[in-house]
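I have placed the structure first, in the form of structure tokens, so that the comments after it can refer back to it.
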Number of protein chains: 2
Amino acid sequence: MAKYKKRERQELLIEKVSTDPFLTDERLSEMFEVSIQTIRLDRLELNIPELRERIKHVAREETDKIRSLSLQEVVGEIIDIELNHHALSLFIVEEGHVFRKNQIARGHYLFAQANSLCVAVIDEPLALTKSAQIEFIKPAKLGDKVISKAVVEKMEGRIAAITVESKIEQRLVFKGRFEMYYTGEGEKNG
Amino acid sequence: MAKYKKRERQELLIEKVSTDPFLTDERLSEMFEVSIQTIRLDRLELNIPELRERIKHVAREETDKIRSLSLQEVVGEIIDIELNHHALSLFIVEEGHVFRKNQIARGHYLFAQANSLCVAVIDEPLALTKSAQIEFIKPAKLGDKVISKAVVEKMEGRIAAITVESKIEQRLVFKGRFEMYYTGEGEKNG
DNA sequence: CTGATGTTAGTACCAACTACTAAATGAGGT
DNA sequence: ACCTCATTTAGTAGTTGGTACTAACATCAG
């Protein structure tokens, strides 16, 4: 028997549609070997919108993501800043940031938070990282809220020295010392 | 006169549609105060597909992006590896990786390439970054192909020392020394 | 005034639906 | 075997946002 019972079919339908939102009722009716009307009834019962609405939804969602991605110029959200002095940012560890195995955040995200905070705190048109000494003291896990604080120690001869400390619930998880290279507007070299 | 000439209108149309792909011909015809037919003719001449096709396109494009984002587990593509000894990876600098202003790659992408290479080269179930000293010698720019080489210097007492050098066309742009913490399977501690 | 260019109007048709009515088919329970 | 309720299928009318096509205006330039 190729056909499923109502319950089974509806469960599979949810799965099918959520993995591939581009399926028409016709294609679905072929897949489950039932009539189009049955599929429509199922969608009605399950509150699954029609193809076009599903696509529209995906498209909208994703255009939003693009916006937030280009905002993600800075990793983490800056919550306090006094230019050339100090800055604070918050970074929440999400699914994309962790090793699946153990839910520990990849080191380079903590680094990225610190690094982009350093770029942000310097009030000059160009600021590039020159060097860094960093330490990962404790792993950050999925869901953790990491607060990073950057303090500019000195700025001299186009080089700024910045120390960064990142904490989760007051506990130090990361620290680093960054040297940033910066220049004013007209200036440029290699 | 609220109405535009054909040329102007068509240019604006392209802009409108590309910034908001969700506009129907009807809405557009209202915006430009012309008939729907005129809009349709314009789209025909400009090869702009209809609303539904535009949305579908956006949706598809973005579902692809999600896939490639989750693939971005490792930054850069590993091109050679001998576990616990050395590894090589290639990272091509793309639009998302650079400052828009000057097309220079954000430092944390170079770091991420090096860091994930260090994670990859260690043949143990768990490998976390403990510390790093890094130097950014020359900026990497949009389109650059960065080859990163990690060499394991020693592995002792759950700590591995690894040196990384990243080059663009034989020229050193980044180097670093990483300390990685690792453990075998059953083991675990905070 | 005449043509070319541009703009509108209108028709037939399409995909992928919704909303609704009605008939056919099960599958169970007694 | 018969009745019943759930399920499935069929079919119609109407919707949105179009394509494709024909035909009738407008407008302006030479």
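Convention: sequence-line order gives letters A, B, ...; per-chain numbering from 1. Keep in mind it's a predicted model, so treat the numbers as computed, not measured.
The distance from atom CD1 of I55(B) to atom C1' of dT16(D) is 12 Å, rounded to the nearest whole Å. The distance between atom CG of D25(B) and atom C1' of dA20(D), rounded to the nearest whole Å, is 14 Å.
Evaluation of the side chain to side chain contact (heavy atoms under 4.5 Å, CB included) rule for L41(A) yields no partner, not counting sequence neighbours. For R40(A), the side chain to side chain contact (heavy atoms under 4.5 Å, CB included) partners at least two apart in sequence or on another chain are D25(A), I36(A), R43(A). Taking R9(A) as the reference, Y4(A), K6(A), F32(A), V34(A), T38(A), D42(A) meet the side chain to side chain contact (heavy atoms under 4.5 Å, CB included) condition, with sequence neighbours excluded. In this structure I147(B) satisfies the side chain to side chain contact (heavy atoms under 4.5 Å, CB included) test together with I79(B), L88(B), L90(B), sequence neighbours excluded. Taking F91(B) as the reference, H97(B) meet the ring-ring contact (aromatic ring centres under 6.0 Å, His included) condition, with sequence neighbours excluded. By the salt bridge (Lys or Arg N to Asp or Glu O under 4.0 Å) test, E53(A) is found to be paired with K56(A), residues two or more places apart in sequence or in another chain being considered.
Residue R9(B) is classed as a sugar-phosphate contact, given heavy-atom separations below 4.0 Å to backbone atoms only.
Within the structure, ring-ring contact (aromatic ring centres under 6.0 Å, His included) contacts touching residues 123-151 of chain A (residues at least two apart or in different chains) are F136(A)-F174(A). Pairs engaging residues 112-135 of chain B under the ring-ring contact (aromatic ring centres under 6.0 Å, His included) rule: none recorded [sequence neighbours left out].
A nucleotide of DNA chain C counts as in contact with chain A when one of its atoms lies under 4.0 Å from a heavy atom; the first and last such, 5' to 3', are dA15(C) to dT18(C).
Residue A114(B) comes nearest to V164(B) through the heavy atom pair CB-CG1, 3.7 Å, listed as atom of the first residue, atom of the second, then distance.
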Between protein and nucleotides 23-30 of chain D, what N or O pairs are separated by less than 3.5 Å?
none

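When hydrophobic side chains of Ile, Leu, Val, Met, Phe, Trp and Tyr are connected at separations under 4.5 Å, L172(B) ends up clustered with I137(B).
Contacts between residues 34-53 of chain B and DNA chain C, defined by a heavy-atom separation below 4.0 Å, involve V34(B), S35(B), Q37(B), T38(B), L41(B), listed by number.
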